[in-house]
K.L.:
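What follows is a single structure, and I will ask about it in a moment.
Both ligands and their constituent atoms are indexed starting at 1 by order of listing. The structure displayed is predicted, hence computed values, not measured ones.
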Amino acid sequence: MSFERVAIIGLGLLGGSIGLAVQDYLPGVATTGYDADPATRARARELGLAGTISDTAAEAVSQSDLVIFCVPVGAMAAAAAEVAGSLRPDALVSDVGSSKESVAKALSDALPGAAIIPAHPVAGTEHSGPDAGFASLFRNRWCIITPPEGADPAKVKALSEFWTALGANVELMTAQHHDLVLAVTSHLPHLIAYTIVGTASDLEGVTQGEVIKYSAGGFRDFTRIAASDPTMWRDVFLTNKDAVLEMLQRFSEDLTALQRAIRVGDGDQLFDHFTRTRAIRRSIIELGQDDARPDFGRSDHGGTEP
Ligand SMILES: NC(=O)C1=CN([C@@H]2O[C@H](COP(=O)(O)OP(=O)(O)OC[C@H]3O[C@@H](n4cnc5c(N)ncnc54)[C@H](O)[C@@H]3O)[C@@H](O)[C@H]2O)C=CC1
Ligand SMILES: O=C(O)C(=O)Cc1ccc(O)cc1
């Protein structure tokens with residue numbers, strides 16, 4: 001089973017990248033796009049983010065056997081409600097949201113009876129909007145699929161093959177496990193970046209100019225992450241609240257332990273901790289997932305990376 005026509009609802013970074021990637025890597029599959037923002041629809045037409053850009057969500061999905069919601073996780077319920085009653089009976093509904101339990105519930109509440117298999121391509125940048133999309137975004141990245149209990153194995157297979165065709169490596173897990181893992185690997189790092197950049201810019205006696213001028217490598221990396229879309233990240237923290245708070249609690253305890261080591265001058269504890277974390281970085285590089293490598297995620301199939 002493979003898909004004939006994909007509808008993409010939300011034409012920002014993720015939706016635009018899917019549209020471009022399908023046109024490049026699955027040229028036999030038709031693409032239709034819709035975005036709630038008329039200016040984004042106009043830009044999507046100029047950029048050719050999908051074969052057809054519809055002016056209503058209902059029209060975009062009506063012929064499609066795969067419908068992917070690419071809107072902020074807090075907007076999934078409203079976006080899904082707009083297509084209720086217009087889906088093909090055999091359509092598979094999916095999404096790309098960064099949190100999964102709440103999105104699975106939002107989609108199934110809005111679309112009772114529909115086949116829904118949520119997914120999360122763990123691939124992105126700090127940029128958003130239709131101009132941010134590029135076809136090679138998903139190459140060599142993970143796509144986590146979270147099939148609900150009782151999901152049709154043929155549909156899970158078809159969705160896995162779709163993401164594999166776009167260049168992703170697919171992994172299956174429960175939505176609950178996804179939310180716990182991503183809380184520590186993605187959500188908490190973003191919260192820390194938002195905090196540290198705010199702290200630095202609030203410092204009395206340190207000017208904004210100095211923060212920019214002396215931003216050495218580490219801080220500069222944090223400013224990139226802290227430039228990520230405010231709507232998207234507000235929604236991630238509100239929808240993955242329990243897992244983020246649990247990880248934040250553990251993080252605070254570990255930070256307090258390091259704070260104490262500095263205060264009492266326990267150099268061995270600091271050294272041992274930093275040695276352990278350095279080994280984790282090295283194992284990421286050995287796994288070939290070091291996105292600092294110049295060729296990481298690039299493809300020779302076109303697509304422009306920002
Ligand atoms: N930005 C990133 O790096 C990644 C984002 N994600 C997830 O992908 C989703 C989309 O994120 P981005 O593409 O970065 O956001 P974006 O801000 O670039 O695009 C979202 C688009 O959705 C549209 N939209 C909002 N409500 C809508 C509605 N009810 N109906 C139709 N369109 C609507 C907006 O007008 C906007 O164009 C989010 O759920 C996010 O958590 C997943 C992986 C990476
Ligand atoms: O730009 C970065 O460093 C990211 O971490 C991108 C990203 C953002 C959100 C996701 O759900 C997945 C990936």
K.L.:
Can Glu161 and Lys157 be counted as an ion pair, charged N to O under 4.0 angstrom?
P.N.:
yes
K.L.:
Would Trp163 and Asn169 count as a side-chain contact (heavy atoms from CB on, under 4.5 Å) here? Give the steps.
P.N.:
CA-CA 8 Å; Trp163 280 106; Asn169 302 311; over 6 Å; no
K.L.:
Just let me know how Ser99 lines up against ligand 1, side chain, backbone, both or neither, with a heavy-atom cut-off below 4.0 Å.
P.N.:
neither
K.L.:
I'd like to check which ligand 2 atoms, numbered from 1 as shown, lie under 4.0 Å from a non-hydrogen atom of Met232.
P.N.:
9 (C)
K.L.:
In the structure I gave you, are the side-chain heavy atoms of Phe134 and Thr125 within less than 4.5 Å of one another anywhere?
P.N.:
yes
K.L.:
To which protein heavy atom is atom 32 (N) of ligand 1 closest, and what is the distance rounded to 0.1 Å?
P.N.:
Ala36 N, 3.2 Å
K.L.:
For atom 17 (O) of ligand 1, what's the nearest protein heavy atom and its distance?
P.N.:
Ser128 CB, 3.8 Å
K.L.:
Counting non-hydrogen protein atoms only, what is the nearest one to atom 41 (O) of ligand 1? Give residue, atom name and distance.
P.N.:
Ser98 OG, 2.7 Å
K.L.:
Any nitrogen or oxygen of Trp233, main chain or side chain, under 3.5 Å from a nitrogen or oxygen of ligand 2?
P.N.:
no
K.L.:
Taking only heavy atoms of His190, which atoms of ligand 2 are found under 4.0 Å from at least one of them?
P.N.:
4 (C), 5 (O)
K.L.:
At under 4.0 Å between heavy atoms, which part of Thr125 makes contact with ligand 1: side chain, backbone, both or neither?
P.N.:
backbone
K.L.:
In terms of residue, atom name and distance, what is the protein heavy atom nearest to atom 42 (C) of ligand 1?
P.N.:
Val96 O, 3.2 Å
K.L.:
Just checking, is any N or O donor in the side chain of Arg5 or Thr32 under 3.5 Å from an acceptor N or O on the other one?
P.N.:
yes
K.L.:
Just jot down the ligand 2 atoms closer than 4.0 angstrom to any heavy atom of Arg224, in number order.
P.N.:
1 (O), 2 (C), 3 (O)
K.L.:
Any N/O of Tyr34 closer than 3.5 Å to an N/O of ligand 1?
P.N.:
no
K.L.:
Indicate yes or no: does Arg250 engage Glu253 in a salt bridge with an N to O separation below 4.0 Å.
P.N.:
no
K.L.:
What I want to find out is whether Arg139 reaches Asp24 closely enough, with some N-O distance under 4.0 Å, to be called a salt bridge.
P.N.:
no
K.L.:
Quick one: does Ser186 get an N or O within less than 3.5 Å of an N or O on ligand 2?
P.N.:
no
K.L.:
Would Leu13 count as being in polar contact with ligand 1, using the rule that some N or O on each side must be under 3.5 angstrom apart?
P.N.:
yes
